[in-house]
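Basis for what follows: all heavy atoms, side chains included, without hydrogens, waters or symmetry-related copies. In what follows, residues are counted from 1 in the order of the sequence shown.
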Amino acid sequence: VLSVEPESCDRISQVPDIIRRLLRFCSTDDPALADMSPTSGREPESNSDPIEESSASSTKALTSLNNHAGTTPRIEREDIQRHCLATLANLLFEHAENQAKFAKVDGIRAMVELCRTSRDVDVLERCTGVLCNATSLHKPSCVRIGEVGGLGVLVDLCNSEFGREGLEGVGSRIQTNAAETLVNATKEHTDENAAAIGRHGVTGLVQLCLSQSAAVQQSAASIL
């Protein structure tokens, strides 16, 4: 909905803690997503945190859907991550206020960790898209991505098996998103982040100059 109706962003942004709620469902260590097996019989523990309670209720509903596997397709945790990441990317696109909210709940650290640990190419595509949008207007997020080691993670991701051209175009989009994020993070913060790039090594960026994507080539040259 947000991708075709950008005006809906402002309305959805008014939902209390919506950024944190979505971010929580993107997390790889979210206890509410830890076990969605219909045979597990485990239900999320109750607590007094309204965010936790909302998450627990959502997971219980999803488990109920999964229990009807004969009539309803099984809902995988990666599906939830993909949809939440896509929603976050849309909410952050050219929206300074939402980018500030995202930074306030340390969304940059969460996304960097997801880029570091996920092995799902669709999750990685959307995660790098979130980082790209989160750093487009918000300077503190550009600094933060360097502080949490995100620059090296993104360079390595661009040159990994997940960032290669092919993969039905997903690899190229991962490269493009990650490279644009690196441009955002280095263009106005040359001292701290350039030093971080230097410590990590520039070989990966040189390799990106050979990318089949002209946009990635341009980004890599700009960073160098």
Side-chain angles (χ1 to χ4, degrees), residues 3 26 28 81-82 85-86 88-96 98-100 102-103 106-224:
S3 64
C26 295
T28 55
Q81 285 182 318
R82 295 184 195 111
L85 288 166
L88 278 172
N90 286 328
L91 287 173
L92 297 174
F93 181 68
E94 295 183 354
H95 199 296
N98 283 345
Q99 290 180 27
F102 185 74
D106 208 5
I108 295 295
R109 177 188 289 276
M111 291 299 101
V112 168
E113 185 60 23
L114 199 52
C115 284
R116 194 196 314 270
T117 59
S118 179
R119 293 296 178 265
D120 185 290
V121 292
D122 293 315
V123 168
L124 290 170
E125 178 196 355
R126 288 161 175 77
C127 185
T128 52
V130 170
L131 284 173
C132 181
N133 290 350
T135 55
S136 64
L137 301 173
H138 196 254
K139 293 182 180 180
S141 291
C142 294
V143 174
R144 184 61 174 159
I145 199 170
E147 292 175 343
V148 300
L151 300 176
V153 169
L154 290 176
V155 172
D156 290 344
L157 181 59
C158 284
N159 290 291
S160 73
E161 59 182 307
F162 303 107
R164 294 173 184 165
E165 286 85 358
L167 295 175
E168 298 182 352
V170 178
S172 294
R173 291 193 291 275
I174 291 173
Q175 263 197 0
T176 300
N177 291 340
E180 189 170 343
T181 302
L182 289 167
V183 170
N184 292 340
T186 56
K187 63 184 178 183
E188 294 185 8
H189 306 281
T190 54
D191 291 340
E192 301 91 344
N193 288 346
I197 288 285
R199 288 192 298 270
H200 186 76
V202 298
T203 303
L205 290 173
V206 173
Q207 292 174 342
L208 286 181
C209 290
L210 302 176
S211 170
Q212 295 180 13
S213 166
V216 172
Q217 291 177 12
Q218 183 176 355
S219 294
S222 175
I223 298 163
L224 287 169

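Taking CZ of Arg126 as the start and CD1 of Ile174 as the end, the distance is 10.0 Å to the nearest 0.5 Å. Separation of atoms OG1 (Thr117) and CZ (Arg119) is listed at 7.5 Å; rounding is to 0.5 Å. The NE2 atom of His138 sits 13.0 Å away from atom NE2 of His95, with the distance rounded to the nearest 0.5 Å. Rounding to the nearest 0.5 Å places CG of Asn98 at 13.0 Å from CZ of Phe93. The distance from the CD atom of Glu180 to the CD1 atom of Ile223 is 10.0 Å, given to the nearest 0.5 Å. The distance from the CG atom of Asp122 to the SG atom of Cys127 is 12.5 Å, given to the nearest 0.5 Å.
Of the listed residues (Thr176, Leu154, Val130), just one forms a side-chain contact (heavy atoms from CB on, under 4.5 Å) with Thr181, and that residue is Leu154.
You'll find the side chain of Val112 stays beyond 4.5 Å of the side chain of Arg144, heavy atoms only. With contacts defined as side-chain heavy-atom distances shorter than 4.5 Å, the pair Arg173/Val170 qualifies. Contact of the Met111 side chain with the Leu85 side chain is registered, since non-hydrogen atoms from C-beta on lie closer than 4.5 Å. Under the 4.5 Å side-chain criterion, counting only non-hydrogen atoms from C-beta, Ile197 is not in contact with Leu224. Residues Glu125 and Asn177 are in side-chain contact: their nearest non-hydrogen atoms beyond the backbone lie under 4.5 Å apart. At a threshold of 4.5 Å between non-hydrogen side-chain atoms, the residues Gln175 and Ser211 count as touching. A 4.5 Å side-chain heavy-atom check between Leu88 and Cys26 finds at least one atom pair inside the cut-off.
Within the 3.5 Å criterion, the main-chain N or O of Leu137 finds a donor-acceptor partner in the side chain of Gln99. A donor-acceptor pair is defined here as one N or O able to donate and one able to accept, closer than 3.5 Å; such a pair exists between the side chain of Asn184 and the backbone of Cys132.
Of all non-hydrogen atoms in Ala89 and Asn133, the two that sit nearest each other are O-ND2, 2.8 Å. Smallest separation of non-hydrogen atoms from Leu205 and Ala220: O-CB, 3.6 Å. The heavy-atom pair separating Leu124 from Leu114 by the smallest distance is CD2-O, 4.0 Å. Minimum interatomic distance between Cys142 and Thr135 (heavy atoms only, all atoms of both residues): SG-O, 3.3 Å. Nearest heavy-atom pair across Gly146 and Asn193 is CA-OD1, 3.5 Å. Looking at every heavy atom in both residues, Leu151 comes nearest to Ala196 through CD1-CB, 3.7 Å.
Within a 6.0 Å sphere centred on CD of Gln218, other residues, nucleotides and ligands contribute 12 heavy atoms or fewer.
Residues His200 and Asp156 have side chains that bring a donor and an acceptor to within less than 3.5 angstrom of each other.
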Determine whether Leu208 and Ser219 satisfy the following criterion, side chain to side chain contact (heavy atoms under 4.5 Å, CB included), listing intermediate values before the conclusion. CA-CA 9 Å; Leu208 286 181; Ser219 294; over 6 Å; no
Side chain to side chain contact (heavy atoms under 4.5 Å, CB included) between Phe162 and Asp120, intermediate numbers included: CA-CA 9 Å; Phe162 303 107; Asp120 185 290; over 6 Å; no
